[in-house]
Amino acid sequence: MSEPTSGDSNSRSSLPSHVGRRITPSSISNAEENEVNDFEYFGLRPRGQPNLEAFLEIWSVDVHPNPDDINRRQHHTALYDCSNLIVRRGQPFQITITVNRAIDLEKDKLWIEFLIGRYPDRTKGTYIPILIKEQLEKGQWGAKVVSIWNNALTLSVMSSPECIVGRFRMYVAVMTPYGIRRTVRDKDTDIYILFNPWCEEDAVYLGNDAEKEEYVLNDIGCIYYGKFTEVVSRTWFFDQFERKVLDTCIYILDRAQMPLQTRGCPVKISRVVSAMINSKDDGGVLVGCWDGEYTNGISPTAWNSSREILQQYAETGLPVCYGQCWVFAAVLNTVLRCLGIPGRVITNFSSAHDNDANLTTDIILDENGKKDTNLTKDSIWNYHCWNECWMARIDLPPEYGGWQVIDATPQETSEGMFRCGPASVNAIKYGQVYLPYDAPFIYAEVNSDIVYWNKQKDGSLIKGDVKTDEIGKLVLTKEIGSDSRKDITNQYKHEEGSPEERMALNTAIQYGLKKEQAVTEVTMDVSLNMHVPENVLLGTNFFVGIELQNNSNEKRSTTVFLSGTVVFYTGVPKIEFKRETIKVTVEPHQGETHCSGFSDYRCIVIQLWGYWGFGEGAAIYACFILMLGHEVTLMIEFTNPLRKPLKHLVLRIDGLDTQKAKLKMFSILQDNATLTTKEVFVPKKRGQRKVIASLDSSALKQVIGELELNVT
């Protein structure tokens with residue numbers, strides 16, 4: 001197997017020579033392997049073949065890889081769709097070795113060898129010889145005899161709770177006077193070793209069984225989005241157990257050129273996959289796109305599962321188009337759970353994107369009170385999704401272990417790459433922003449202040465109002481064991497204005513962050529309130545109410561600038577579709593009400609993808625006929641809510657127990673017309689399952705429906 005060269009399309013760049021620094025190159029690929037001789041002679045090879053009839057000959061090695069076998073059941077890996085054995089580190093598993101005659105362990109010396117990568121090295125944990133002992137020792141590799149029956153030897157093998165995570169090759173070696181006799185290379189005996197949340201010595205140990213069931217074994221989840229006043233959820237198939245997903249996760253680490261000897265550390269692995277899930281600077285899994293133009297790929301709102309994305313990436317070796325924050329978070333969650341690291345998707349509502357992480361989100365207004373998009377670099381996202389992974393932080397004080405924030409959405413660089421975390425949630429809450437990694441940026445996302453600056457005609461800025469409680473309004477994740485939402489805001493921040501919050505703030509300031517002081521509150525002559533209706537149905541007209549109250553003893557005249565702007569959920573403006581100047585005179589201690597109507601705003605739909613608040617008018621309704629042991633007939637129905645035809649519709653159906661999503665294309669659907677289609681499938685898995693359908697078109701997105709099935 002040749003070394004990577006500058007002509008290798010999968011290489012980031014031409015790799016520097018290792019000569020002069022080390023004897024062999026760094027081992028950065030789980031896929032590459034060295035050639036192992038069936039017989040390794042001691043010293044010079046003698047003439048002719050040595051007589052080995054008196055020594056053991058290994059006939060077969062059975063690693064008991066089937067889902068119903070003892071190994072997969074005890075290691076909680078029975079759900080993986082893989083023909084090889086998958087085990088979790090730090091926990092014993094059984095193998096059976098069949099030889100040509102009865103075994104005498106007093107005379108017959110044999111052992112097991114585990115190898116990973118092209119340059120196995122005992123000092124780096126990539127070559128592990130395992131001798132047979134009387135007892136297994138906790139925390140160490142070892143093997144002991146379970147039973148000997150005729151010429152079959154059953155061993156219990158223990159891996160280290162700190163060993164490399166990946167696919168190991170296994171050989172059985174026998175000592176002879178002439179040299180070492182080994183089994184031939186057999187890929188069927190390759191063993192995947194994963195992180196182990198069930199092992200107390202593993203850094204990802206999680207004591208609560210219900211949490212392990214949810215954060216490691218659950219392959220379906222909920223992702224929350226919208227506004228903190230209108231929270232919407234969608235189901236996502238993480239699919240961490242599906243065929244080839246585990247191999248793809250290992251391939252991602254190989255593409256990152258992560259040294260094999262570091263792949264036993266969850267801190268390092270989580271940081272690497274945080275970078276690799278986005279395609280920026282490393283050719284990772286997903287291309288981010290926020291401008292609404294998805295011509296050369298698939299709209300982020302159309303995806304329902306991680307499997308299709310990961311499989312496409314593994315098959316093509318090219319980044320998949322396209323993703324946004326919830327897609328990045330969902331795919332990252334799949335990788336975490338697949339490798340055995342407990343993970344969950346988090347949504348932060350009213351999330352700040354602070355470019356310099358100085359604890360403030362600066363909004364610059366022009367003379368007319370409109371946001372100056374050229375000068376304003378910070379933004380406030382309606383919501384932002386990231387991940388938490390559970391692990392001990394051996395690089396931090398003990399109290400900062402537990403949930404760690406990692407974020408794969410490419411926002412800002414960290415140590416030269418688009419990645420974020422892991423950062424301790426406890427460190428964020430208590431203002432310990434000096435702890436690695438990227439704590440200041442995450443702290444600002446949930447707890448920065450909004451500072452309004454008024455730009456003068458000469459270009460100078462005068463500080464206006466400061467809002468201290470508008471960021472991080474709500475932090476949600478899925479509840480354990482149900483589709484309900486779990487409010488974890490108090491895990492990230494103390495109550496605004498409380499002594500604990502002040503202390504955390506002072507701690508953050510101590511480590512170099514800036515806190516803007518609010519301007520002295522002044523009694524305003526005229527106060528203004530705006531009322532916007534909630535749950536506006538798609539395609540209907542609505543009104544915005546403006547209330548002005550004169551608090552003075554004199555008549556006041558004021559000018560109100562009303563702007564209706566299409567914005568992405570990231571807070572970035574796209575187009576201004578309505579602008580109105582309202583001049584009002586209000587009598588002393590009197591109020592004045594003005595209504596402004598919004599109609600024919602279909603352009604919002606195009607740019608905002610049907611926008612979250614309009615979900616009620618854009619839903620897929622599903623009914624089904626289920627006969628136990630027979631086909632399931634799924635009826636999908638959708639009515640166009642717009643006052644114009646929908647063109648080039650793509651219906652994507654996930655959850656039909658197929659390797660890929662089922663796609664259906666429709667050329668046109670007239671306004672107010674109904675689309676009805678039927679899908680027949682046979683469930684292959686028992687238990688609670690879901691079917692998700694998403695409809696995508698150029699003018700309408702984020703149309704999702706789901707159905708729950710109980711397969712017995």
Side-chain angles (χ1 to χ4, degrees), residues 67-82 86-93 161 165 192-224 233-242 245-246 249 266 269-270 305-307 329-347 387-392 401-404 406 425 476-488 491 655 657 683-690 692 706 708-712:
D68 293 333
D69 290 341
I70 184 172
N71 289 332
R72 297 277 288 268
R73 286 187 285 108
Q74 290 185 346
H75 285 253
H76 308 277
T77 59
L79 295 174
Y80 284 89
D81 186 1
C82 179
I86 303 173
V87 297
R88 301 187 187 274
R89 64 186 191 175
Q91 182 177 339
F93 58 93
V165 167
Y192 293 87
I193 300 182
L194 309 180
F195 289 103
N196 192 354
W198 284 265
C199 175
E200 293 184 11
E201 290 77 31
D202 197 310
V204 301
Y205 173 67
L206 187 59
N208 186 292
D209 289 340
E211 290 182 342
K212 288 193 285 278
E213 187 73 28
E214 179 66 49
Y215 301 134
V216 182
L217 300 180
N218 193 357
D219 60 351
I220 303 176
C222 293
I223 298 176
Y224 300 97
S233 70
R234 64 176 295 171
T235 297
W236 189 277
F237 292 123
F238 297 124
D239 288 337
Q240 69 265 32
F241 305 119
E242 296 301 321
V245 170
L246 177 55
C249 294
I269 280 191
S270 63
S305 75
S306 301
R307 173 180 56 180
V331 175
L332 178 51
N333 202 60
T334 297
V335 175
L336 292 173
R337 293 187 183 182
C338 185
L339 294 176
I341 302 175
R344 60 187 186 183
V345 177
I346 307 298
T347 304
N387 299 80
E388 287 180 1
C389 49
W390 180 274
M391 64 185 69
W403 289 115
Q404 311 290 315
I406 56 174
V425 174
L476 295 179
T477 191
K478 178 182 175 297
E479 185 63 80
I480 296 173
S482 77
D483 289 345
S484 302
R485 64 195 198 195
K486 180 180 179 66
D487 185 348
I488 58 171
Q491 295 183 23
D657 288 339
K684 298 178 182 179
K685 297 180 181 179
R686 295 182 181 275
Q688 295 291 122
R689 307 299 301 172
K690 287 187 178 181
I692 305 175
E706 62 183 66
E708 188 166 332
L709 300 175
N710 186 8
V711 183
T712 59

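Along the sequence shown, residues carry numbers from 1.
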Asp81/Arg307 ion pair, N-O < 4.0 Å: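 No salt bridge links Asp81 with Arg307.
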Residues Arg689, Asp219: salt bridge by 4.0 Å N-O rule: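 Salt bridge: yes.
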Test salt bridge (charged side-chain N to carboxylate O under 4.0 Å, His left out) applied to Lys478 and Glu214, step by step: CA-CA 9 Å; Lys478 178 182 175 297; Glu214 179 66 49; 3.0 Å; yes
Aromatic ring pairing His76/Trp198, orientation class (parallel under 30°, perpendicular over 60°, tilted between):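 Parallel, since the angle between the ring planes stays under 30°.
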Mind checking the [atom1]-[atom2] spacing from [X] to [Y]? Nearest 0.5 Å is all I need.
{"X": "Thr477", "Y": "Glu479", "atom1": "OG1", "atom2": "CD", "result": "9.0 Å"}
{"X": "Phe93", "Y": "Ile86", "atom1": "CZ", "atom2": "CD1", "result": "12.5 Å"}
{"X": "Leu339", "Y": "Ser270", "atom1": "CG", "atom2": "OG", "result": "11.0 Å"}
{"X": "His75", "Y": "Asn196", "atom1": "NE2", "atom2": "CG", "result": "7.5 Å"}

Is [X] reaching over with its side chain to a backbone N or O of [Y], donor-acceptor style, under 3.5 angstrom?
{"X": "Arg88", "Y": "Leu194", "result": "no"}
{"X": "Arg337", "Y": "Gly343", "result": "yes"}
{"X": "Thr334", "Y": "Ser306", "result": "no"}
{"X": "Tyr80", "Y": "Val245", "result": "no"}

Close side-chain approach of Tyr215 and Glu388, heavy atoms under 4.5 Å: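 With C-beta onward as the side chain, the pair stays apart.
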